[in-house]
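Note that ligands are numbered from 1 as they come in the structure, with each ligand's atoms numbered from 1 the same way. Keep in mind it's a predicted model, so treat the numbers as computed, not measured.
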Amino acid sequence: MTSADQQASENPNLALGIDIGGTGTKGGLVDLTTGSLVGKRFRLDTPQPATPENMIEVVVQVADHFAFDGPTGVAYPGVVLDGVTRTAANLDKSWIGTSLADRVGTRLRGPSVYLNDADAAGLAEAHYGAGRGVQGVVVVVTFGTGIGIAMINNGELVANSELGHLELDGKDAEKGAAASARERDGISWKEWGARADRYLKTLENLVWPKLFILGGGISKNPEKWVQYLSPRTPFKVAELINNAGIVGAADAAWMEHRASARQLVEHRGGNLAVTAED
Ligand code: BGC
């Protein structure tokens, strides 16, 4: 028994989260009673070319590092439906139509789920971070290489909303307002803030959330940009920063695992007691 297996049998509330990104893929074991990482994260650079073949090997290597046989959640930076990738805005287009469930899931030691990376970050914030306990619609916006959106209603995720791509001035909004646009265009935080502000004001007129949670790479240094934003909607800076994708992916896997254990128990007519062996 590896030490991660040992941990899983001792703590049924552990799951592994893996966050696939354009520059790196990182993973961590998460205790879902607190939403915190157990032990260290493990990260590998994204190989070039970033094709599914190359990147899937990296995802499996990250999983193997933990030698964990409990539930695993994998977050991907595009739409994921039924374990299959449907878009690849900032990745090699050959990713579209890849079944992560078939190509990664069959190589993992435990059950697995697949979801969009912003959705993962949104779940993490809703359950363990800045959105905890908030009723109504919360929109989590991640500003990174692209713009990711998670729509949460009363703590439940409405998956795969892609409002980072809404049209602004005749262009895909994320091209101008993603965090990467600041570096690419060599603009100041103030100029970037004006773009992000305009994006949020457009978004809030379409979905009218109770709260915005602003995450992604920019949540590391909010003092650089918060003063430039004035949407009507109250906003908070994301709390889980770099680990939101990992924590949310693990959370999705853990919830799914508990739901299927519950169904199994109900089917057998017993009471729910989820253990690592279920
Ligand atoms: C993708 C989203 C993703 C976001 C952040 C966007 O370009 O379309 O699916 O969540 O980038 O990675």
Side-chain angles (χ1 to χ4, degrees), residues 17-27 43 45-46 50 52 55 58-59 62 73-100 113-126 129 131 138-152 157-168 171-185 192 195-196 199-200 202-203 206-207 209 212-220 237-238 240-252:
I18 298 180
D19 190 6
I20 303 178
T23 55
T25 292
K26 52 211 181 192
R43 181 189 183 280
D45 283 343
T46 295
M55 286 176 76
V58 167
V59 174
V62 170
V74 179
Y76 165 84
V79 172
V80 183
L81 282 177
D82 299 327
V84 179
T85 63
R86 304 298 290 269
T87 67
N90 294 299
L91 286 180
D92 198 280
K93 296 292 175 256
S94 60
W95 262 100
I96 298 172
T98 302
S99 173
L100 286 167
V113 303
Y114 302 86
L115 73 167
N116 171 262
D117 60 351
D119 283 347
L123 279 178
E125 291 297 333
V138 174
V139 173
V140 181
V141 187
T142 65
F143 291 95
T145 309
I147 294 182
I149 296 284
M151 295 258 274
I152 310 281
L157 176 70
V158 179
N160 289 312
S161 47
E162 285 283 313
L163 291 166
H165 298 290
L166 60 80
E167 194 178 312
L168 204 55
K171 284 189 299 216
D172 183 341
E174 82 165 17
K175 296 279 173 278
S180 59
R182 194 181 62 80
E183 285 144 38
R184 186 199 59 218
D185 296 348
W192 177 79
R195 292 185 188 185
Y199 169 70
L200 292 174
T202 306
L203 184 59
L206 299 174
V207 292
F212 277 137
I213 297 177
L214 308 181
I218 56 146
S219 49
K220 269 183 284 200
V237 179
L240 282 101
I241 311 189
N242 267 339
N243 292 331
I246 294 175
V247 171
D251 189 30

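- Every residue meeting the side-chain hydrogen bond (donor to acceptor under 3.5 Å, both in side chains) condition with Asn90, not counting sequence neighbours, appears here in chain and number order: Glu174.
- Under a 4.0 Å criterion applied to the non-hydrogen atoms of Asn116, ligand 1 contributes the atoms 2 (C), 3 (C), 9 (O), 10 (O).
- In this structure, CD1 in Ile246 is found 9.0 Å from CD1 in Ile18, a value given to the nearest 0.5 Å.
- Distances below 4.0 Å separate heavy atoms of Ile147 from the following atoms of ligand 1: 4 (C), 6 (C), 11 (O).
- Close contacts between ligand 1 and Ala118 involve ligand atoms 10 (O) [criterion: under 4.0 Å to a heavy atom].
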*asked:* Checking Asp185 against Arg195 for the side-chain contact (heavy atoms from CB on, under 4.5 Å) test, could you report, in this order, the C-alpha distance in whole Å, the side-chain angles of both residues, the deciding distance, and whether it holds?
replied: CA-CA 12 Å; Asp185 296 348; Arg195 292 185 188 185; 3.0 Å; yes
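- Asp117 OD1, 2.6 Å is the protein heavy atom nearest to atom 10 (O) of ligand 1.
- A heavy-atom separation below 4.0 Å is not found between Thr87 and ligand 1.
- Using modelled atom types, one side-chain atom of Asn116 and one backbone atom of Gly78 make a donor-acceptor pair closer than 3.5 Å.
- Nearest to atom 2 (C) of ligand 1 by heavy-atom distance, out of Arg86, His165, Glu174, Glu162, is Glu162.
- Short contacts between ligand 1 and Gly78, defined as distances under 4.0 Å to a heavy atom of the residue, involve ligand atoms 9 (O).
- Contact analysis leaves Gly164 out of contact with ligand 1, as no non-hydrogen atom separation drops below 4.0 angstrom.
- Applying the 6.0 Å contact sphere to CZ of Arg43 captures more than 12 heavy atoms from other residues, nucleotides or ligands.
- Under the 30°/60° scheme for interplanar angles, the aromatic rings of Trp95 and Tyr76 are found to be tilted.
- With hydrogens and angles ignored, the 3.5 Å screen pairs a side-chain donor or acceptor of Asp92 with a backbone N or O of Ser94.
- Proximity to Ala89 (heavy-atom distance under 4.0 Å) selects the following atoms of ligand 1: 7 (O), 8 (O).
- Numbered from 1 in the order shown, with element, the atoms of ligand 1 that lie under 4.0 Å from a heavy atom of Asn90 read 7 (O).
- Not one N or O on the side chain of Ser219 forms a donor-acceptor pair closer than 3.5 Å with the backbone of Val237.
- Atoms of ligand 1 lying under 4.0 Å from any heavy atom of Gly148, numbered from 1 in the order shown and given with element: 4 (C), 5 (C), 10 (O).
- At a heavy-atom cutoff of 4.0 Å, ligand 1 is contacted by no atom of Asp119, backbone or side chain.
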